[in-house]
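Here is how names work: the chains are called A, B, and so on, in the same order as the sequence lines, proteins then strands, and each is numbered from 1. A quick note: this is a predicted structure, and the numbers were derived from the prediction, not measured.
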There are 2 protein chains.
Amino acid sequence: MLQDDDPFGEDALESALSELEVFLRARRLKMTEQRRTMAKAALSHHGHFTAEELHRALGNDGEAVSLATVYRGLAVLEDAALVEGHDFADGTRRYERAVDRQHHDHMVCVDCRAVIEFTNEKIERLQQQVVEAHGFTMKDHSLTLFVRCNVWRADGACERRAEREARRKAAGLG
Amino acid sequence: MLQDDDPFGEDALESALSELEVFLRARRLKMTEQRRTMAKAALSHHGHFTAEELHRALGNDGEAVSLATVYRGLAVLEDAALVEGHDFADGTRRYERAVDRQHHDHMVCVDCRAVIEFTNEKIERLQQQVVEAHGFTMKDHSLTLFVRCNVWRADGACERRAEREARRKAAGLG
DNA sequence: CTAGCTGCAAAGAATTTGCTAAGTA
DNA sequence: TACTTAGCAAATTCTTTGCAGCTAG
């Protein structure tokens, strides 16, 4: 799931890593092998990933980092703004690279859980206006559109849909 | 937390309950004392509440419903569109009445966790346009603006802020 | 050296589920 | 009566934490 192709560039990665070092130094935290490994993997990955997935990916590379450390490390990387965490209302937090990326929002397919990104400047501006109109300060915002991506109708890409519905039905509740 | 004043009206509540009955009948589910009790409490409550809170509220009224049943019941009420569930990224699902209410989005204060509602037609329309432009079907959407409501500066209403920060600091990562 | 880190196993919080008695249509 | 529920407790899932030894600065 985490891929080796680098949509980011060797140099960009290097610069992000030194950003991380600056961040760590500023709070007397340490640059460890694990943090470096995780940062590299997280930044090179394109798309969203969970703690569990990052953990598995590192395990496969023979660069194993314990799951607890992955959770702690992701918190650090998020604080350092190298990654961004999202809550897509399915009980599992998802992350994505936050450096060298423009801001965007998400659509999540309720069938197959695919995540589609989009940007809309007008919406951004309107959000800011709403917050200001109340006299508040915007710290963050999260816009997620839950959609049916309809892909399954064409080529079965939403195959997980069937699974999930079967599971749900079997579990009772109608 | 759940209050007895009814911002909803006796008759509106009755009509919502029969809506629920129709929903249940349509899927051969049963109208039980617990479901009726929960529906009443949930609908009469104004503002957001958690499963835990609803459970406690019913317990206090001497109308005890087990926590498991509250969870299952909220799922039914949500399916029946009597309540709406939200995920404000703090690990606990929150609900609110969904009948006789216009759609709205939320601002959540990152300091005191206060929830402020707002509506913005323009944003709604733009969201719909985005989804359509991709050929998807909108099933739901969730827009949450995380803000600093600044109230604490004036009157201390955001006092929980201090608590939370202390806890966070004590928990390490700091 | 020494504060901070890691791995491990255990703890936690929120939510879900299996099972059996009980209730509804 | 037949099928859906409720309550309870155990199980799950994701995430956090305590602790003892390890490591970077």
Using atom CG of B/Leu58 as one end and atom C1' of D/dG7 as the other, report the distance to the nearest whole Å.
14 Å
So, does A/Glu53 use its side chain to make a donor-acceptor pair with the main chain of A/Thr50 at under 3.5 Å?
yes
Which is more 5' along DNA chain C, the nucleotide nearest B/Glu52 or the one nearest B/Lys30? Just name the residue.
B/Glu52
Would you mind reading off the distance between B/Leu74 atom CG and D/dA6 atom C1', rounded to a whole angstrom?
15 Å
May I ask you to evaluate whether A/Thr69 reaches the phosphate of C/dG7, defined as a side-chain N or O under 4.0 Å from OP1 or OP2?
yes
Using distance alone, with no hydrogens and no angle criterion, decide if A/Ser18 and A/Ser15 have a side-chain donor and acceptor under 3.5 Å apart.
no
Rounded off to whole Å, could you give me the CG-to-P distance for the A/Leu67 and C/dA10 pair?
16 Å
Would you mind building the protein contact string for nucleotides 9-14 of chain D? One character per nucleotide, 5' to 3', B for base within reach (heavy atoms under 4.0 Å), S for sugar-phosphate only, - for untouched.
B----S
Nearest-Å distance for atom pair NE2/C1', residues B/His55 and D/dA6:
12 Å
Go through D/dT5, C/dG7, C/dT17 for me and flag the one nearest to the B/Arg72 side chain.
C/dT17
Can you tell me if the side-chain N/O atoms of B/Thr32 get under 4.0 Å from OP1 or OP2 in D/dA6?
yes
Rounded to the nearest 0.5 Å, how far apart are CG of B/Leu67 and CD of B/Glu52?
5.5 Å
Return the value, rounded to whole Å, for the distance between atom CG of B/Leu29 and atom P of D/dA6.
10 Å
Rounded distance in Å - CZ (B/Arg94) to C1' (C/dA14)
12 Å
Would you say the side-chain atoms of A/Glu78 pair up with the backbone N or O of A/Gly85, donor to acceptor, closer than 3.5 Å?
yes
Would you classify B/Arg25 as touching base, sugar-phosphate or nothing, given that sugar-phosphate means primed atoms plus P, OP1 and OP2, and contacts are heavy atoms under 4.0 Å?
nothing
Donor-acceptor under 3.5 Å (A/Arg27 side chain, A/Leu29 main chain)
no
Is the ring centre of A/Phe88 less than 6.0 Å from the ring centre of A/His106?
yes
Rounded to the nearest Å, what distance is computed from the CE atom of residue B/Met31 to the C1' atom of nucleotide D/dA6?
16 Å
Starting at CG of B/Asp87 and ending at P of C/dA13, how long is that distance when rounded to a whole Å?
19 Å
Please determine whether a side-chain nitrogen or oxygen atom of B/Gln34 lies at a distance below 4.0 Å from atom OP1 or OP2 of D/dG7.
yes
Pair A/Glu84, A/His104: side-chain N/O donor-acceptor within cut-off below 3.5 Å:
no
